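A short write-up of the structure that comes next.
It should be emphasised that the depicted structure is a prediction, and the values quoted were computed from it without experimental measurement. In what follows, chains carry the letters A, B, and so on, assigned in the order in which the sequence lines appear, proteins first and then strands, with residues in each chain numbered from 1.
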2 protein chains.
Amino acid sequence: MSVPCICTTLRSASRRMIAFYDETIAPVGVNIAQFSLMRSIARVEPVTLTALGRRVELDRSTIGRNVRVLEKMGLVELGRGEDQREATVSLTEAGHKVLEDGAPLWDGAQKSLDDRLGVEFMRQLHDALDSL
Amino acid sequence: MSVPCICTTLRSASRRMIAFYDETIAPVGVNIAQFSLMRSIARVEPVTLTALGRRVELDRSTIGRNVRVLEKMGLVELGRGEDQREATVSLTEAGHKVLEDGAPLWDGAQKSLDDRLGVEFMRQLHDALDSL
DNA sequence: CCTCATCGCGGGCATATACCCGCACCCATG
DNA sequence: CATGGGTGCGGGTATATGCCCGCGATGAGG
């Protein structure tokens with residue numbers, strides 16, 4: 001009866017981890033969701049909102065809104081694809097700089113978790129979460 | 001380099017699991033966050049917002065807002081504690097009914113995951129997430 | 001009995017996220 | 001070349017969540 005469902009446990013763990021990573025990455029001025037999205041953009045820029053959404057498994061409208069916040073921060077710029085319907089996103093120089101500066105912080109967070117819980121454990125957890 | 005951090009993986013898994021549970025529990029008219037919160041309330045009602053927040057590790061203001069949504073839905077009712085500052089929450093009859101009706105759905109979701117991934121795997125995953 | 005630090009809340013602000021609607025654009029078919 | 005189905009987006013709506021500020025209630029000291 002008192003056993004919470006895996007969903008609740010997962011949500012809770014997710015919130016804790018987000019807080020941890022947000023704090024870690026804060027010095028460069030973005031949160032982990034933004035940093036993560038920017039990393040995804042960097043891999044395929046320029047990319048349309050829909051394509052990006054499919055890659056990161058987020059609703060297109062979510063991508064659109066999150067990207068607009070990054071645009072206001074001057075970290076990404078929007079453009080037009082050949083297809084006039086498409087809106088494309090690319091990182092600005094400032095955006096690339098944020099990724100560069102954030103990388104060591106991000107690595108540090110990852111490493112501190114690996115140290116605390118073990119690389120093998122983290123790898124297995126990673127695989128387990130992907131299989132859900 | 002292409003290895004996403006555990007945080008991203010966790011957030012992604014969390015979103016998928018929320019979608020799955022939301023769909024499962026939808027017939028009773030609430031989402032998994034609300035259902036989960038109501039289960040927590042049921043265990044200790046009546047309870048103050050702050051105390052509830054501490055129990056479920058959510059910010060008090062988040063609790064307040066989420067509870068107000070449930071109140072508008074007629075599933076919980078707010079009251080005053082002896083301490084005039086305190087706002088207390090309890091489930092209404094309708095609220096208890098939702099928990100009752102939702103329980104088998106919730107169990108079904110849990111079971112389908114256990115069947116697909118194995119009880120032992122789920123237990124380990126659960127423990128792993130709690131340790132984060 | 002009167003401060004003053006503390007505590008509990010509501011409300012403001014910002015982001016993340018999903019779903020739905022309507023508009024504009026593209027292209028294959030007739 | 002005209003039309004209609006499909007596609008990409010923006011905007012509206014709603015929930016979840018955190019942080020911060022200010023107000024009112026409490027209670028420990030003086």
Side-chain angles (χ1 to χ4, degrees), chain A residues 7-8 10-23 25-26 29-38 40 46-73 75 78-89, chain B residues 7-8 10-23 25-26 29-38 40 46-73 75 78-89:
Chain A
C7 182
T8 303
L10 197 47
R11 293 200 319 131
S12 182
S14 182
R15 282 195 303 269
R16 284 197 299 275
M17 201 55 71
I18 288 170
F20 174 58
Y21 271 83
D22 273 357
E23 197 175 346
I25 206 73
V30 297
N31 63 34
I32 190 60
Q34 297 168 331
F35 190 74
S36 172
L37 182 58
M38 288 173 66
S40 295
V47 59
T48 69
L49 301 188
T50 296
L52 183 55
R54 268 196 270 267
R55 278 184 75 87
V56 299
E57 296 184 278
L58 283 176
D59 191 87
R60 187 194 47 67
S61 66
T62 297
I63 295 290
R65 273 183 272 272
N66 293 0
V67 153
R68 231 170 299 150
V69 172
L70 292 175
E71 188 192 21
K72 256 186 280 182
M73 298 169 73
L75 303 178
L78 295 174
R80 283 281 152 194
E82 292 180 33
D83 185 328
Q84 288 303 300
R85 290 169 300 183
E86 296 176 340
T88 63
V89 206
Chain B
C7 182
T8 303
L10 198 47
R11 292 200 320 132
S12 181
S14 183
R15 283 195 303 270
R16 284 196 300 276
M17 201 55 73
I18 288 171
F20 173 59
Y21 270 84
D22 273 356
E23 197 176 345
I25 207 74
V30 297
N31 63 33
I32 191 60
Q34 296 168 331
F35 190 75
S36 172
L37 182 58
M38 287 173 65
S40 295
V47 59
T48 69
L49 301 188
T50 297
L52 182 56
R54 270 197 270 266
R55 278 185 75 85
V56 299
E57 295 183 277
L58 283 176
D59 191 87
R60 186 195 48 64
S61 66
T62 298
I63 295 289
R65 274 184 285 267
N66 293 0
V67 153
R68 231 171 299 149
V69 172
L70 291 174
E71 189 191 20
K72 257 186 278 183
M73 298 170 73
L75 302 179
L78 295 174
R80 282 281 152 194
E82 291 180 32
D83 185 328
Q84 287 304 299
R85 290 169 299 183
E86 297 176 341
T88 63
V89 204

Output a table of nitrogen or oxygen pairs between the protein and nucleotides 3-10 of chain C separated by less than 3.5 Å.
from   : atom 1 : to      : atom 2 : distance (Å)
C:dC7  : O4'    : B:Arg85 : NH1    : 3.3
C:dC7  : O2     : B:Arg85 : NH1    : 2.7
C:dC9  : OP1    : B:Leu49 : N      : 3.3
C:dC9  : OP1    : B:Ala87 : N      : 2.9
C:dC9  : OP1    : B:Ala87 : O      : 3.1
C:dC9  : OP2    : B:Thr50 : N      : 2.9
C:dC9  : OP2    : B:Thr50 : OG1    : 2.2
C:dG10 : N7     : B:Arg60 : NH2    : 3.4
C:dG10 : O6     : B:Arg60 : NH2    : 3.1

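Across the helix from C:dC1-D:dG30 to C:dG30-D:dC1, the helix axis at one end is tilted relative to the axis at the other end by 10° (nearest 10 degrees, each axis from five pairs).
At whole-Å resolution of the value, CZ in B:Arg15 and C1' in C:dA18 are 11 Å apart. One can place CG of B:Asp22 at 20 Å from P of C:dA16, the figure rounded to the nearest angstrom. Summarising the geometry, the separation between CD1 on A:Ile63 and C1' on C:dT15 is reported as 14 Å, rounded to the nearest angstrom. In this structure, the CE atom of A:Met73 is 13 Å from the P atom of C:dA14, given to the nearest Å. Distance CE (B:Met17) to C1' (C:dT17): 17 Å, rounded to an integer number of Å. Here C:dA18 presents its C1' atom at 13 Å from CD of B:Glu23, a figure rounded to the nearest Å. Across the protein-nucleic acid pair, A:Asp59 atom CG and C:dC20 atom P stand 10 Å apart, rounded to whole Å.
Using a 4.5 Å cut-off on side-chain heavy atoms (C-beta onward), A:Val67 and A:Leu37 make contact. Side-chain contact between B:Val56 and B:Ile63: present, with at least one pair of heavy atoms (C-beta onward) separated by less than 4.5 Å. For the pair B:Ile18/B:Ser14, a side-chain contact is recorded, criterion being any heavy-atom separation below 4.5 Å from C-beta on.
Residues passing the salt bridge (Lys or Arg N to Asp or Glu O under 4.0 Å) test with A:Glu82: none are found, sequence neighbours excluded. Remark: B:Arg55 engages no residue in a side-chain hydrogen bond (donor to acceptor under 3.5 Å, both in side chains) (not counting sequence neighbours). Scored by the side-chain hydrogen bond (donor to acceptor under 3.5 Å, both in side chains) test, B:Ser61 finds B:Asp59, B:Arg65 as partners (sequence neighbours excluded). Taking B:Ala26 as the reference, nothing meets the side-chain contact (heavy atoms from CB on, under 4.5 Å) condition, with sequence neighbours excluded. For B:Arg60, the side-chain contact (heavy atoms from CB on, under 4.5 Å) partners are B:Leu49, B:Thr50, not counting sequence neighbours. For A:Arg16, the salt bridge (Lys or Arg N to Asp or Glu O under 4.0 Å) partners at least two apart in sequence or on another chain are B:Glu57. Every residue two or more places apart in sequence or in another chain was checked for a salt bridge (Lys or Arg N to Asp or Glu O under 4.0 Å) with A:Arg68, and none qualifies. Residues that satisfy the side-chain contact (heavy atoms from CB on, under 4.5 Å) test with B:Ala19, not counting sequence neighbours, are absent from this structure. Scored by the side-chain hydrogen bond (donor to acceptor under 3.5 Å, both in side chains) test, B:Arg85 finds B:Asp83 as partners (sequence neighbours excluded).
Within the structure, a side-chain polar atom (N or O) of A:Asn31 is placed less than 4.0 Å from OP1 or OP2 of C:dA16.
Close approach of DNA chain D to chain B, defined as any atom under 4.0 Å from a non-hydrogen atom of the protein, starts and stops at D:dT15 to D:dT26.
As judged by a 4.0 angstrom heavy-atom cut-off over every strand, B:Ile18 is placed among residues making no nucleic acid contact. Using a 4.0 Å heavy-atom distance criterion, A:Arg65 is classed as a base contact.
Between A:Thr62 and A:Gln84, the residue whose closest nucleotide on DNA chain C is further toward the 5' end is A:Thr62. For the pair A:Lys72 and A:Glu82, nearest-nucleotide mapping onto DNA chain C gives the more 5' position to A:Lys72.
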